[in-house]
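Encoded as structure tokens, the structure appears first; notes follow it.
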Amino acid sequence: MEFMMNFSYVARGQGVITHPLPDRTCLKARDVPEIKYEHLEAMKLSDIPEEMRNSFTTVDVVDSDVSSVSLSPDYSYKVFPFTIDKLERLKKKAMDDGNLKKCSSFDAIAALVWQARTKAIDMPPDQPSKMFFAVDIRSKMDPPLPKGFAGNVVFCAYCIEPAGAVKEKPLSFCAEKVQEGISRVTDDYVRSSMDFSETYKSIPALPGGIFLSAWWKIPFHLADFGYNKTEYEASRFSP
């Protein structure tokens with residue numbers, strides 16, 4: 001978003017407003033690793049069977065024909081709009097049993113998606129149901145990362161529970177686990193995870209799970225390239 005805002009200001013002749021800081025040494029693994037936690041969000045590369053590793057490696061597109069890349073016809077694309085009223089009802093449902101004192105829009109939607117997906121694919125009750133989601137760690141690091149820090153500074157938070165519990169327990173259970181996943185992401189935990197990744201050459205433990213990304217929190221509608229802000233801004237709903 002900082003790049004988009006800089007681009008739009010330059011396009012309007014006003015120059016750069018946020019100067020990028022490309023120095024990423026503040027997110028390096030420590031010289032002496034301190035792995036303090038069990039990192040269920042990651043898989044050690046050594047734990048992945050050799051015949052499966054190609055499925056998880058980055059595709060080199062330099063020598064490939066990008067235009068020939070196509071998405072599988074097995075995928076379906078749907079839009080499920082949430083009005084303010086629907087979202088308020090969903091949040092109220094997540095708090096009906098009194099287990100939660102508060103519930104954000106993200107908590108409620110993430111809980112709903114996790115529960116609905118677990119039911120939809122009919123996971124066996126004892127199988128772990130996994131949901132991963134991105135958490136911006138710019139303000140969670142100590143000290144906080146400076147404004148303009150260049151890079152995709154997100155951390156893969158997670159919820160992992162037996163499928164039976166996810167399917168059968170109330171929405172508040174799933175929302176509470178989402179909140180626990182967010183609260184788990186601290187400076188200490190993130191640095192332990194970076195040490196884990198550097199030590200074991202890990203990758204995100206996504207197989208068998210679902211990844212959720214809250215794009216609605218990114219204010220793309222604010223970018224003005226000289227033609228005024230987007231018309232969509234007037235009707236845009238940002239939980």
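Heavy atoms only, all atoms of each residue included: V185 and A157 are closest at CG2-CB, 3.9 Å. For the pair L100 and M95, the tightest heavy-atom approach, listed with the atom from each and the gap, is O-CE, 3.6 Å. The two residues A108 and K91 make their nearest non-hydrogen contact at CB-CG, 3.8 Å. Of all heavy-atom pairs between E41 and C156, the closest is CB-O, 3.4 Å. A175 and A94 make their closest contact through CB-CB, 4.3 Å (heavy atoms, listed as atom of the first residue, atom of the second, distance). When all heavy atoms are compared, the tightest approach of M43 to P207 is SD-CD, 3.8 Å.
Listed by chain and residue number, D126, Q127 satisfy the side-chain contact (heavy atoms from CB on, under 4.5 Å) test with P124 (two or more places apart in sequence, or in another chain). By the side-chain hydrogen bond (donor to acceptor under 3.5 Å, both in side chains) test, K86 pairs with no residue at all, sequence neighbours left out. By the salt bridge (Lys or Arg N to Asp or Glu O under 4.0 Å) test, D188 is found to be paired with K36, residues two or more places apart in sequence or in another chain being considered. Residues passing the side-chain contact (heavy atoms from CB on, under 4.5 Å) test with T25 are D23, K28, sequence neighbours excluded. Annotation: side-chain hydrogen bond (donor to acceptor under 3.5 Å, both in side chains) contacts of Q179 (sequence neighbours excluded): D107. Applying the salt bridge (Lys or Arg N to Asp or Glu O under 4.0 Å) test to D97 and every residue at least two apart in sequence or in another chain returns nothing. For D136, the side-chain contact (heavy atoms from CB on, under 4.5 Å) partners two or more places apart in sequence, or in a different chain, are R138. The salt bridge (Lys or Arg N to Asp or Glu O under 4.0 Å) search around K169 returns none, not counting sequence neighbours. With sequence neighbours excluded, the residues forming a side-chain contact (heavy atoms from CB on, under 4.5 Å) with D122 are K167, listed by chain and number.
A distance of 9.5 Å separates CD1 of I109 from SG of C103, quoted to the nearest 0.5 Å. The CE atom of M123 sits 8.5 Å away from the NZ atom of K130 when rounded to the nearest 0.5 Å. Taking CD of Q115 as the start and OG of S129 as the end, the distance is 9.5 Å to the nearest 0.5 Å. Within the model, atoms OG1 of T18 and CE of M1 stand 10.5 Å from one another, a figure rounded to the nearest 0.5 Å. The distance from the SG atom of C26 to the CE atom of M141 is 7.5 Å, given to the nearest 0.5 Å. The NZ atom of K147 sits 12.5 Å away from atom CG of L145, with the distance rounded to the nearest 0.5 Å.
Counting only N and O atoms by type, the side chains of E34 and S192 include no donor and acceptor under 3.5 Å apart.
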Which donor-acceptor pairs under 3.5 Å do side chains of residues 8-16 form with protein atoms, sequence neighbours excluded?
| unit_1 | atom_1 | unit_2 | atom_2 | d |
| --- | --- | --- | --- | --- |
| S8 | OG | M4 | O | 3.4 |
| S8 | OG | M5 | O | 2.8 |
| R12 | NE | Q14 | OE1 | 2.9 |
| R12 | NH1 | D224 | O | 2.4 |
| R12 | NH2 | Q14 | OE1 | 2.9 |

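Residues L206 and V178 are members of one and the same hydrophobic cluster, defined by side-chain heavy-atom contacts under 4.5 angstrom among Ile, Leu, Val, Met, Phe, Trp and Tyr. Both Y158 and V153 are members of a single hydrophobic cluster when ILVMFWY side chains are connected at heavy-atom separations under 4.5 Å. Residues I160 and F173 fall into different hydrophobic clusters, defined by Ile, Leu, Val, Met, Phe, Trp and Tyr side chains chained together at heavy-atom separations under 4.5 Å. Linking Ile, Leu, Val, Met, Phe, Trp and Tyr residues whenever their side-chain heavy atoms come within less than 4.5 Å places V190 and L40 in a single cluster.
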Let's go through E161 and K177 carefully: what are the C-alpha distance in whole Å and the side-chain angles of both, what is the deciding distance for side-chain contact (heavy atoms from CB on, under 4.5 Å) to 0.1 Å, and is it a yes or a no? CA-CA 9 Å; E161 294 293 329; K177 295 304 175 183; 3.6 Å; yes
Decide side-chain contact (heavy atoms from CB on, under 4.5 Å) for V135 and V154; before the verdict, give the C-alpha distance in whole Å, the side-chain angles of both, and the deciding distance to 0.1 Å. CA-CA 5 Å; V135 173; V154 294; over 6 Å; no
Mind running side-chain contact (heavy atoms from CB on, under 4.5 Å) on T118 and I210 for me, showing each step along the way? CA-CA 10 Å; T118 305; I210 184 174; over 6 Å; no
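Applying the ring pair (Phe, Tyr, Trp, His ring centres under 6.0 Å) definition to pairs two or more places apart or across chains, those involving residues 111-152 are F106-F133. Evaluation of the ring pair (Phe, Tyr, Trp, His ring centres under 6.0 Å) test over residues 177-214, restricted to residues two or more places apart or in two chains, returns Y37-Y189, H39-Y189, H39-F196, F155-Y189, F196-Y200.
Without hydrogens or angle criteria, D187 side chain to D142 main chain gives a donor-acceptor distance under 3.5 Å.
A salt bridge is absent between D195 and R191; no separation between the charged side-chain nitrogens and carboxylate oxygens falls under 4.0 Å. K92 and D96 are joined by a salt bridge, as a carboxylate oxygen and a charged side-chain nitrogen come within less than 4.0 angstrom of each other.
For the pair L90 and L171, the minimum side-chain heavy-atom distance is below 4.5 Å. Under the 4.5 Å side-chain criterion, counting only non-hydrogen atoms from C-beta, L222 is in contact with P219. Proximity of L27 to M194: side-chain heavy atoms (C-beta onward) are separated by under 4.5 Å at one or more points.
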